Amino acid sequence: MCEDNHGGLARRALFVTGAAAALTLGSVSFASAADGDQETRTVRGTLPPGSPDFVYVPVEVPAGVREIKIAYTYDRPSVPAGTTGNALDIGVFDDRGTELGGRGFRGWSGGARTEFFLRADDATPGYLPGPVREGTWHIALGPYTVAPQGLSYEITITLTYGEPGEAVEPVYPPERAKGRGRAWYRGDCHLHSWYSDGRRTPAEIGALARAAGLDFINSSEHNTHSAHAHWADVAGDDLLVMLGEEITTRNGHVVALGTDPGTFVDWRYRARDNRFGRFARQIRRAGGLVVPAHPHATCVGCNWKFGFGEADAVEVWNGPYTPDDEVTLADWDSMLVASVRGERGWIPAMGSSDAHRDPDPVGSPQTVVLADDLTRQAIQEGIRAGRSYIAESARVALSFRASGGRGEHAGIGERLTVGRDTPVTVRLEVTGAPRCTVRFVTDQGVLHTSAPLPVAGAGVVEWRTTPSYAAYVRAEVRHEAAAGPIPGPLAAFTNPIFLGR
């Protein structure tokens, strides 16, 4: 039940938003007041296990409101080991409504904040400044997990009356930095600041990106584009800042990479709702790439269930290399095998840090892209074409090529067009990988493993094959294994070179 601070019961209604079912509670009303006055209402309720993904609390906002402030708390009872406890996300939609993909979105902080405010000239990070117009607003609750005892919450809504402040015109970072022409550029496309659940400012992230040797980054806050207008001062001739979002659904996360400034992508659907294709197309219309993130991550709602038919690339390596990254790498390699059978086009791999706070390192791993220049479009073209490799840091550099009998050659993401039985030489040059082992992986699996590289970390590894024996070749550089036949964690790996006609 939900009750306001007068003790009255609120009406409930179950409705469909165009995707997942949602629960709407009874509305909270305010009376108009004089300039400078404040009014507060409190809403209390309990959500049972199995609640809908989203619960909306309508708030009737009268005319003359300068600021709306919302604070909330909820109980966290102890639960047995292996049982999920309570976690309640929050956001807000304005008078334009809660329609899926509509214009009413005004901010989301998930579970990162216990209170937030909005007014014309400012807003809490994660939220969009703008007028507090008269009409029905909606507080959006997202019961991420609910304990067996249920989830009891309390929401406090405070309206401040008066003349609105002057709206601030957003300024966005440029789409071009001072590049080196056609060259290899290093980037980290999955990062979080205090505009979602990170703890670093954009300025702090920019400094860490430069220290990590990065040329480009991508803003990717959870379910909000509110950070877009706060990166202009961070960008510079030496750092391209692209804008995007991490769309965090209950069936997996996807990074929108390099969308137009101000693009918001909705997240309120599951795979069963058959809505993802619509929003993947929206990302592309806004000039972005669709990149499923950490597909085999083990957190609740993180495992990717939408398929890869809409993906432009896939995040194979996310943060410190872990067993779920190893599973993702194997899954991606299976997709490469399917592509050479002609069952589908191939999807390039990426790696990003997903850094949130200290001590998360920015730029580990990083995607190294061969691009015509340091621009949003050129970087995206390089990623989409798979002209890239993933490295644990700027210390690691690779050069990977295949050559045929008459001087034909191809690089990462390209095809060496030669006959099936033409001898092919594959050559990998490595620096910055002391005592690491190089493995050449094909559609048959690992067909060549080198001796450990010297302590200096530099070396050259060659292998000879034919297109009839290997339809593609990709390279892995791995640290020494702790014990046994299990391969060590990655230091770097490449997208494939395809062999044959």
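Because the structure is predicted, anything quoted here is derived from the model rather than measured.
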Centroid-to-centroid, Phe276 to Trp304, below 6.0 Å?
->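 Ring-ring flag for Phe276/Trp304: true, centres closer than 6.0 Å.
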Indicate, with yes or no, if the rings of Phe498 and Trp346 have centres closer together than 6.0 Å.
->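 Centroid distance Phe498-Trp346: below 6.0 Å, so yes.
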Do [X] and [Y] have side chains that approach each other closer than 4.5 Å (heavy atoms only, starting at C-beta)?
{"X": "Asp333", "Y": "Asp331", "value": "no"}
{"X": "Thr437", "Y": "Glu480", "value": "no"}
{"X": "Phe493", "Y": "Val316", "value": "yes"}

Test: [X] and [Y] ion pair at under 4.0 Å:
{"X": "Asp358", "Y": "Arg199", "result": "no"}
{"X": "Arg464", "Y": "Glu462", "result": "yes"}
{"X": "Arg406", "Y": "Glu408", "result": "no"}
{"X": "Asp53", "Y": "Arg250", "result": "yes"}
{"X": "Arg284", "Y": "Asp312", "result": "yes"}
{"X": "Glu115", "Y": "Arg113", "result": "no"}
{"X": "Arg344", "Y": "Glu310", "result": "no"}
{"X": "Arg176", "Y": "Asp373", "result": "yes"}
{"X": "Asp266", "Y": "Arg268", "result": "yes"}
{"X": "Asp260", "Y": "Arg376", "result": "yes"}

Without hydrogens or angle criteria, can the side chains of [X] and [Y] be said to hold a donor-acceptor pair below 3.5 Å?
{"X": "Glu315", "Y": "His294", "value": "no"}
{"X": "Asp421", "Y": "Thr466", "value": "no"}
{"X": "Gln444", "Y": "Tyr469", "value": "no"}
{"X": "Asp324", "Y": "Thr322", "value": "yes"}
{"X": "His192", "Y": "Asp354", "value": "yes"}

Decide side-chain contact (heavy atoms from CB on, under 4.5 Å) for Phe93 and Arg106; before the verdict, give the C-alpha distance in whole Å, the side-chain angles of both, and the deciding distance to 0.1 Å.
-> CA-CA 5 Å; Phe93 291 77; Arg106 288 295 294 273; over 6 Å; no
Please report the C-alpha distance between Trp231 and Tyr195 in whole Å, then the side-chain angles of each, then the deciding distance to 0.1 Å, and finally whether the ring pair (Phe, Tyr, Trp, His ring centres under 6.0 Å) criterion is met.
-> CA-CA 11 Å; Trp231 283 102; Tyr195 285 91; 8.2 Å; no
Test ring pair (Phe, Tyr, Trp, His ring centres under 6.0 Å) applied to Tyr185 - qualifying residues, sequence neighbours left out |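 Once residues adjacent in sequence are excluded, Tyr185 has no partner under the ring pair (Phe, Tyr, Trp, His ring centres under 6.0 Å) criterion.
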Please name all residues satisfying ring pair (Phe, Tyr, Trp, His ring centres under 6.0 Å) with Trp108, sequence neighbours left out, ordered by chain then number.
->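 If we apply the ring pair (Phe, Tyr, Trp, His ring centres under 6.0 Å) test to Trp108, skipping adjacent residues, the hits are Trp267.
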Pairs meeting criterion salt bridge (charged side-chain N to carboxylate O under 4.0 Å, His left out) with involvement of residues 227-247, two or more places apart =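 Found Arg210-Asp238.
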